[in-house]
Peer 1: 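The structure is given below, and queries will be raised subsequently.
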Amino acid sequence: MRKKLVAGNWKMHGSLAANLRLLEAVTAAVKAAPRDFAGARCAVCVPFPYLQQAQAALAGTEIALGAQNLSEHDAGAYTGEVAGAMLRDFGCRYVIVGHSERRTHYGERDAQVAAKFQAAQRAGLIPILCVGETLAERDQAETEAVVGRQLGAVLAAAGVQSLRDAVVAYEPVWAIGTGRTATPAQAQTVHEFLRAAVAKQDPDTAARLTILYGGSVKPANADELFAMPDVDGGLIGGASLVAEDFISICKAAAGR
Ligand code: PEP
């Protein structure tokens, strides 16, 4: 049985003061009632400058730390870039790769995302590989072709075994930050498709693979999304910045 995962993606939000309030509220809730969270894994993916702050605040809790991006290179003359080993230095367990905002605003293509995925694993990080279609692509019935291509690029570069230590997040672009969520049935259909695509190459890896849903997950819709058989938790943007919402989504994943 796959243990659900809830990962917060803070995006480019926060300040030392705001992060402190948020992290204190979340860690206090976990410390006060650890059993409410024990059924799921929780993580927060914070902006680079706040890794040390978050690492200190999360110490001694079961909440894991993650980042939102990394370089495809391990080290070198790449001004402004951050290597996977640097993220490990700050205690990161996870790193998001291929978020649609990086694909759209920074031109990240499938091959570069696959290279980042491999760089994350070389550094001992668990990549959270984001895939998802735009509204236009969905309207043209291209959802499976798009997410299949995005996943296929990683399978081709890194091999199916690489997914044994990775997470996939289905994030329909039209649902991110829009308040418009995929219905549980829509999410399930795509998650099932992704798992089947992996199963064609390795059924065991597919059965173990954590596939998150992301796109306007809120406390009000988390339960029904997480009830779907192939939805193994969520990648949470806006709601991860509101302590009580994030806590409530973590509890929903834990079955509380
Ligand atoms: C995200 O940033 O990955 C995301 C899913 O955002 P939101 O929950 O705000 O839609």
Side-chain angles (χ1 to χ4, degrees), residues 4-14 18-19 22 26 40-48 50 54 63-70 92-106 108 113 116-117 120 125-135 137-138 143 146-147 150-151 154 166-184 186-188 190-191 194 210-226 228 230-253:
K4 286 195 167 41
L5 169 66
V6 172
N9 173 16
W10 288 7
K11 312 197 189 199
M12 199 175 72
H13 294 293
N19 302 345
L22 178 55
V26 173
R41 298 167 285 164
C42 297
V44 287
C45 298
V46 311
F48 296 138
Y50 300 127
I63 304 173
L65 182 60
Q68 302 167 17
N69 182 32
L70 83 167
C92 283
R93 182 168 172 76
Y94 297 100
V95 62
I96 299 170
V97 298
H99 191 282
S100 65
E101 287 152 15
R102 301 232 35 108
R103 293 180 191 260
T104 305
H105 303 314
Y106 302 98
E108 289 190 10
V113 172
K116 289 186 177 211
F117 178 99
L125 295 158
I126 298 175
I128 301 177
L129 168 69
C130 297
V131 300
E133 82 287 4
T134 63
L135 190 55
E137 288 163 342
R138 173 163 283 265
T143 298
V146 171
V147 300
Q150 292 169 333
L151 176 67
V154 168
V167 171
V168 172
Y170 169 54
E171 297 212 306
V173 179
W174 46 272
I176 296 178
T178 59
R180 186 176 163 190
T181 317
T183 65
Q186 283 173 322
Q188 170 58 26
V190 180
H191 285 225
L194 290 166
T210 294
I211 307 180
L212 307 182
Y213 168 77
S216 299
V217 177
K218 307 283 178 223
N221 57 28
D223 275 328
E224 54 177 13
L225 285 161
F226 296 166
M228 293 292 110
D230 287 295
V231 177
D232 305 316
L235 184 55
I236 318 297
S240 72
L241 297 169
V242 181
E244 64 190 30
D245 288 358
F246 188 64
I247 290 164
S248 150
I249 293 167
C250 289
K251 285 184 184 173

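In listed order, ligands and their atoms are each counted from 1.
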Peer 1: Under 4.0 Å, heavy atoms only, figure out whether ligand 1 is touched by the backbone of Ile176, its side chain, both or neither.
Peer 2: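 Both backbone and side chain of Ile176 come within 4.0 Å of ligand 1.
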
Peer 1: Around atom 9 (O) of ligand 1, find the nearest protein heavy atom and jot down its residue, atom name and distance.
Peer 2: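 The closest heavy atom on the protein side is Gly238 N, 2.8 Å.
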
Peer 1: What is the distance from atom CD of Glu171 to atom CD1 of Ile96, rounded to the nearest 0.5 Å?
Peer 2: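 Going from the CD atom of Glu171 to the CD1 atom of Ile96 covers 7.5 Å.
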
Peer 1: What atoms of ligand 1 come within less than 4.0 Å of a heavy atom belonging to Ser216?
Peer 2: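 So the atoms of ligand 1 that pass are 7 (P), 8 (O), 10 (O).
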
Peer 1: Taking the side chain as C-beta and beyond, is there a heavy-atom pair between Arg180 and Leu135 under 4.5 Å?
Peer 2: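 They are in side-chain contact.
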
Peer 1: What is the nearest protein non-hydrogen atom to atom 3 (O) of ligand 1, stated with its residue, atom name and distance?
Peer 2: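 Result for atom 3 (O) of ligand 1: Glu171 OE2, 2.7 Å.
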
Peer 1: Polar contacts were defined as any N/O atom of the residue lying under 3.5 Å from an N/O atom of the ligand; does this apply to Ala239 and ligand 1?
Peer 2: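 Between Ala239 and ligand 1, no N or O pair is found under 3.5 Å apart.
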
Peer 1: Does any N or O in the side chain of Gln68 come within less than 3.5 Å of the main-chain N or O of Lys11, such that one atom is a donor and the other an acceptor?
Peer 2: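 Side chain of Gln68 to backbone of Lys11: a pair is present.
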
Peer 1: Check whether any N or O atom of Lys218, backbone or side chain, sits under 3.5 Å from an N or O atom of ligand 1, and answer yes or no.
Peer 2: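 No; the residue has no nitrogen or oxygen that sits under 3.5 Å from a nitrogen or oxygen of the ligand.
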
Peer 1: Quick one: look at Ala175 and ligand 1, take heavy-atom pairs under 4.0 Å, and tell me if it's side chain, backbone, both or neither.
Peer 2: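 Near ligand 1, Ala175 shows its backbone, while the atoms from C-beta on stay back.
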
Peer 1: Could you tell me the separation between the CG atom of Leu235 and the CD1 atom of Ile211, rounded to the nearest 0.5 Å?
Peer 2: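 Spacing of CG (Leu235) from CD1 (Ile211) equals 13.5 Å.
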
Peer 1: Using a strict 4.0 Å cut-off to heavy atoms of Gly177, name the atoms of ligand 1 that fall inside it.
Peer 2: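 Those of ligand 1 that fall under 4.0 Å from Gly177 are 7 (P), 9 (O), 10 (O).
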
Peer 1: Which value, rounded to the nearest 0.5 Å, describes the distance between His191 atom NE2 and Thr210 atom OG1?
Peer 2: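 The distance works out to 11.5 Å.
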
Peer 1: Among all protein heavy atoms, pick the one closest to atom 1 (C) of ligand 1 and tell me residue, atom and distance.
Peer 2: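 Going atom by atom, the protein heavy atom closest to atom 1 (C) of ligand 1 ends up being His99 NE2, 3.3 Å.
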
Peer 1: Tell me whether Lys11 has any N or O atom under 3.5 angstrom from an N or O of ligand 1.
Peer 2: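 Looking only at distances, the answer is yes, because the N/O contact criterion of under 3.5 Å is met.
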
Peer 1: Within a strict 4.5 Å, meaning less than it, do heavy atoms of the Asn69 and His99 side chains meet?
Peer 2: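 They are not in contact (no side-chain heavy atoms under 4.5 Å apart), so the answer is no.
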
Peer 1: If you count the atoms of ligand 1 from 1 in the order shown, which ones are under 4.0 Å from a heavy atom of Asn9?
Peer 2: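 Selected atoms, number and element: 1 (C), 2 (O), 3 (O).
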
Peer 1: Please report which non-hydrogen protein atom sits nearest to atom 4 (C) of ligand 1, along with the residue it belongs to and the distance in Å to one decimal place.
Peer 2: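 The closest heavy atom on the protein side is Gly237 N, 3.6 Å.
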
Peer 1: Please identify which atoms of ligand 1 are closer than 4.0 Å to at least one heavy atom of Gly215.
Peer 2: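 Under 4.0 Å from Gly215, ligand 1 has these atoms: 5 (C), 10 (O).
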
Peer 1: Got Tyr213 and Pro172 here, is their nearest side-chain heavy-atom distance under 4.5 Å?
Peer 2: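 A side-chain contact under 4.5 Å exists here.
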
Peer 1: Provide the full list of salt bridge (charged side-chain N to carboxylate O under 4.0 Å, His left out) pairs with a residue in residues 232-250, sequence neighbours left out, each pair given once.
Peer 2: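 Every pair satisfying salt bridge (charged side-chain N to carboxylate O under 4.0 Å, His left out) with a residue in residues 232-250: Arg2-Asp232, Arg195-Asp232.
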
Peer 1: Please tell me if the side chains of Tyr170 and Val231 come closer than 4.5 Å, counting only heavy atoms from C-beta onward.
Peer 2: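 No - every pair of side-chain heavy atoms lies 4.5 Å or more apart.
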
Peer 1: Using a 4.0 Å cutoff against the non-hydrogen atoms of Leu235, which atoms of ligand 1 qualify?
Peer 2: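 Close to Leu235: 3 (O), 5 (C).
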
